[in-house]
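Source: prediction; values computed, not measured. Heavy atoms only: backbone and side chains are in, while hydrogens, waters and symmetry mates are out.
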Amino acid sequence: MANPQTHFLIPLFLTTLLISSDHQVDAWGGSIEGLVVSGSSSPFSTALVTLQMQIDYTFHDIGLLRRAMTHSSFSEENNRALSIMGTSIIETSASFKFLNNDPDISAKALNRKISEISSVETSCAVDAMRFGLHKIVRVSPKTNSSSPSVTCGAFRAIFGAVALDCGKCDDAGSVFWRAHMSTAGLSDVL
């Protein structure tokens, strides 16, 4: 019979491993497509592994996700451009989804629904906090990582990074909808 503490330690151990490229070995020695477990890692690397699981997307170039989680106060290599791209992806994907559901939607109603999804003060910051991005995004010591503009920028940057990583904005939009719906229960908005 297995020691009860072993059942607790296995998931804890797995979350502290670094995932690097092609395959992840799970607790039973199996393989999960897209990730590789290799030794120990920094808290930031571990957080990036967890974030990939949360958004249900595995990066081929983890450097893109690192950049997405780096605020401009921390480094010149930051998430600003990825955030702009992510905003465009979110808004385009939302426009497509809402128009596809209701081709007769007014421009005013469409714009309102898009604003609800991409506004810093509303669901964007809420989604970011639900994913714990305030604990992941790298900022300077003088910057509040819980600020809605910081967390929302990081959240948007994820989808810009996904688009660059997979080479498809539509796929990044799909990752956004899965992430957004899993954290916000968006069914009442759609």
Side-chain angles (χ1 to χ4, degrees), residues 11-27 29-94 96 117-118 123-139 145 150-184 186:
L12 181 63
F13 173 74
L14 290 175
T15 60
T16 61
L17 298 176
L18 173 63
I19 304 234
S20 56
S21 62
D22 293 330
H23 297 88
Q24 176 182 5
V25 178
D26 64 21
S31 176
I32 299 172
E33 184 179 338
L35 303 173
V36 173
V37 177
S38 62
S40 63
S41 63
S42 70
F44 183 65
S45 294
T46 301
L48 296 182
V49 168
T50 302
L51 182 57
Q52 288 177 89
M53 289 186 257
Q54 289 176 309
I55 65 170
D56 193 25
Y57 180 83
T58 303
F59 279 84
H60 301 284
D61 180 358
I62 194 69
L64 290 168
L65 185 56
R66 285 181 176 280
R67 183 177 285 245
M69 293 298 106
T70 304
H71 187 259
S72 61
S73 67
F74 187 82
S75 173
E76 287 185 24
E77 293 180 7
N78 59 63
N79 64 8
R80 278 190 170 172
L82 290 173
S83 182
I84 292 168
M85 184 177 188
T87 300
S88 295
I89 289 165
I90 291 167
E91 291 177 351
T92 300
S93 180
F96 182 83
I117 288 174
S118 63
S123 68
C124 181
V126 171
D127 285 343
M129 293 302 278
R130 286 185 181 145
F131 280 113
L133 298 187
H134 61 292
K135 297 176 185 174
I136 302 171
V137 67
R138 298 183 297 182
V139 297
S145 65
V150 171
T151 58
C152 188
F155 181 72
R156 292 171 175 168
I158 290 170
F159 307 106
V162 169
L164 290 178
D165 190 60
C166 71
K168 297 178 183 174
C169 290
D170 287 347
D171 288 358
S174 295
V175 172
F176 163 74
W177 283 111
R178 282 195 313 270
H180 181 64
M181 293 172 92
S182 74
T183 61
L186 192 63

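The CZ atom of F44 sits 5.5 Å away from the CZ atom of R66 when rounded to the nearest 0.5 Å. One finds the CG atom of L51 at 12.5 Å from the OH atom of Y57 (value rounded to the nearest 0.5 Å). A distance of 6.5 Å separates CZ in F176 from CG in D127, rounded to the nearest 0.5 Å. The line from CD1 of I136 to CG of L65 is 8.0 Å long, rounded to the nearest 0.5 Å. Distance check, rounded to the nearest 0.5 Å: CD1 of I89 to CD1 of I158 gives 12.0 Å. Rounding to the nearest 0.5 Å places OG1 of T151 at 8.5 Å from NE2 of H134.
Residues C166 and H60 fail the side-chain proximity criterion, which asks for heavy atoms closer than 4.5 Å. Using a 4.5 Å heavy-atom threshold, the side chains of F159 and S93 count as separate. Side-chain contact between L64 and R67: absent, with no pair of heavy atoms (C-beta onward) separated by less than 4.5 Å.
In summary, the side chains of S145 and R138 do not present any donor paired with an acceptor at a separation below 3.5 Å, with no hydrogens or angles considered.
D61 pairs by the salt bridge (charged side-chain N to carboxylate O under 4.0 Å, His left out) definition with nothing, not counting sequence neighbours.
Residue pairs meeting the salt bridge (Lys or Arg N to Asp or Glu O under 4.0 Å) criterion with at least one member in residues 152-161, sequence neighbours excluded, do not occur. Within the structure, the salt bridge (Lys or Arg N to Asp or Glu O under 4.0 Å) test picks out no pair touching residues 80-90 (sequence neighbours left out).
Closest approach of I117 and W177 over heavy atoms only: CD1-CH2, 3.4 Å. Contact detail for I55 and A179: the closest heavy-atom pair is CG2-CB, 4.4 Å. Scanning all heavy atoms of the two residues, the minimum distance from A161 to L82 falls at N-CD2, 3.8 Å. Contact between S83 and G153 at its shortest, heavy atoms only, is OG-O, 3.3 Å. Residue D56 comes nearest to R178 through the heavy atom pair O-NH2, 3.2 Å, listed as atom of the first residue, atom of the second, then distance.
Remark: side-chain polar atoms of T70 are not paired, donor with acceptor, to backbone N or O of N78 under 3.5 angstrom.
The local environment of CZ in F96 is sparse, with at most 12 non-hydrogen atoms from other residues, nucleotides or ligands closer than 6.0 Å.
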For a side chain to side chain contact (heavy atoms under 4.5 Å, CB included) check, start with the C-alpha distance between L164 and M85, then their side-chain angles and the critical distance, and finish with the verdict. CA-CA 9 Å; L164 290 178; M85 184 177 188; 4.1 Å; yes

